[in-house]
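As structure tokens, the structure follows; a few thoughts come after it.
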Amino acid sequence: MGSELAELKEQVSLLQKEHSLLRKELSRVSDEAEVRKVHFKYGYYLDKCLYNEVVDMYADDPGTYVEFLGSRYRGKEGVKRLYKGRFQDTFVNGRNGPVRGFLLDHIMMQDIVDVDPSGTHAWCRMRALMQAGTHMSVKDTHPRGHVQWWEGGLYENEYIKENGVWKLFRYRYFPFWHAEYEKGWSLTKENYVPWPTKTYPEDPLGPDEIIEQKMLWPDTRVVPFHYPHPVTGKQTADDDLRAPHFGKDASTAEPPLTLTLPEGQSRPGAGKAWVSEGSVRVLPDLVQNS
């Protein structure tokens, strides 16, 4: 009787451990789905120039920022300046919502989401394909005139759970190629979208910082991966992220892009291995939580 009771206790203990593991796995999968939905919902608001709703998708945390076109907009005020200032004024004359005849669709796809064990911080790499332009009927009334173009870009974003809700936190968008619809990408002029040259407040709608992360087609450097190789576990070498001219050594090319944090921010968990399902999900240097 005593041995049977001991065996039963052991079985119960194993079941409790399995239950705990299953709950953690369910929470991780659920959080990954929520992060994915947050980004997709952001995209739907962005498509229709609902910039008030876009700004509300961002965390209130003071470390929040947007990296875009070689510049950084810091904090919620910087985020507002970009969306409710630059974009809202330029595309829809200051209103919240679309204007007739202006297209700005963003297809979000190929998402890779990784949520840390705490369930409060996540990474997402995702591709965007944008179709944009104006209808010929508004060419005389919209400031862009009559134009249509494509844009392709990559996100390497971080998200945090704030008061139980997943929000955009550190947003990095690299819009690395553009093409006018009629001509295609082989004839795209270099620096198709001008880089910001002045910061706020000298430029009332400008970024808080100008950073050395400038990449537009025909520059084809790799946007760094937040994760190691899923089979080898290795990080892609810096030289392999560069894009030299054909036949030239990597040392002749622009330096590799990075996911470096701005001054004053840190990653308390940097250097720690974050393992899930037997593999490292995020590069140790990019682990946020200790």
Side-chain angles (χ1 to χ4, degrees), residues 37-59 64-109 126-155 157 167-168 171-185 187-189 191-208 216-217:
K37 284 164 62 177
V38 162
H39 194 95
F40 288 160
K41 290 174 180 178
Y42 159 85
Y44 280 117
Y45 290 135
L46 193 63
D47 291 344
K48 292 303 180 182
C49 302
L50 290 162
Y51 296 116
N52 293 353
E53 284 78 358
V54 165
V55 169
D56 289 339
M57 300 294 289
Y58 279 85
T64 296
Y65 65 75
V66 172
E67 283 188 14
F68 175 65
L69 285 176
S71 61
R72 187 180 288 126
Y73 297 78
R74 299 186 67 164
K76 203 67 173 280
E77 289 305 310
V79 172
K80 289 178 182 177
R81 200 182 316 124
L82 175 62
Y83 290 101
K84 298 174 70 172
R86 175 175 173 172
F87 293 155
Q88 198 169 62
D89 286 354
T90 301
F91 294 143
V92 289
N93 196 35
R95 76 172 246 101
N96 189 53
V99 294
R100 182 178 176 84
F102 180 66
L103 179 70
L104 196 70
D105 279 359
H106 300 72
I107 301 172
M108 307 293 190
M109 53 189 169
M126 190 179 297
R127 185 180 299 280
L129 178 62
M130 186 174 79
Q131 303 93 53
T134 55
H135 189 265
M136 62 181 298
S137 63
V138 302
K139 65 182 178 64
D140 295 326
T141 56
H142 195 281
R144 296 304 301 267
H146 188 207
V147 64
Q148 49 188 352
W149 76 95
W150 298 92
E151 177 179 299
L154 277 176
Y155 298 95
N157 289 347
K167 298 179 182 180
L168 287 159
Y171 172 107
R172 306 175 187 88
Y173 178 55
F174 298 84
F176 63 87
W177 69 266
H178 297 83
E180 294 181 8
Y181 186 82
E182 295 83 1
K183 296 180 180 180
W185 46 80
L187 297 177
T188 301
K189 66 177 182 179
N191 196 22
Y192 185 83
V193 182
W195 308 111
T197 58
K198 299 178 181 179
T199 57
Y200 178 82
E202 183 180 3
D203 178 355
L205 301 180
D208 294 282
L216 283 175
W217 172 253

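Here, residue 1 is the first one in the sequence, and each next residue gets the next number.
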Point to revise | Heavy-atom side-chain proximity of Met109 to Met126 below 4.5 angstrom | key: no

Revision key, fill the gap. By ring-ring contact (aromatic ring centres under 6.0 Å, His included), Tyr200 pairs with (sequence neighbours left out) none

Review point. Would you say the side-chain atoms of Gln148 and Gln131 include a donor-acceptor pair closer than 3.5 Å?
Key: no

Check your understanding: Do Tyr65 and Arg172 have a side chain donor and acceptor closer than 3.5 Å?
Key -> yes

Review point. Do Leu104 and Asp47 have side chains that get closer than 4.5 Å, going by heavy atoms?
Key: no

**Study point:** Which residues share a ring-ring contact (aromatic ring centres under 6.0 Å, His included) with Tyr51, sequence neighbours left out
**Key:** none

Exercise for review: Examine the side chains of Asn93 and Gln88 and answer whether a donor and an acceptor come within less than 3.5 Å of each other.
Suggested key: no

**Study point:** Under 3.5 Å side-chain donor-acceptor pair for Tyr45 and Tyr83
**Key:** no

Check your understanding: Hey, are the side chains of Thr64 and Tyr58 touching, using non-hydrogen atoms and a 4.5 Å cut-off?
Key -> yes

Exercise for review: Kindly indicate whether the side chain of His39, heavy atoms from C-beta on, has any atom under 4.5 Å from the side chain of Asn157.
Suggested key: yes

**Study point:** Glu53 side chain near Tyr42 side chain, heavy-atom distance below 4.5 Å
**Key:** no

Exercise for review: I would like to know whether Trp149 and Lys183 meet side-chain contact (heavy atoms from CB on, under 4.5 Å); could you show each step before the answer?
Suggested key: CA-CA 9 Å; Trp149 76 95; Lys183 296 180 180 180; over 6 Å; no

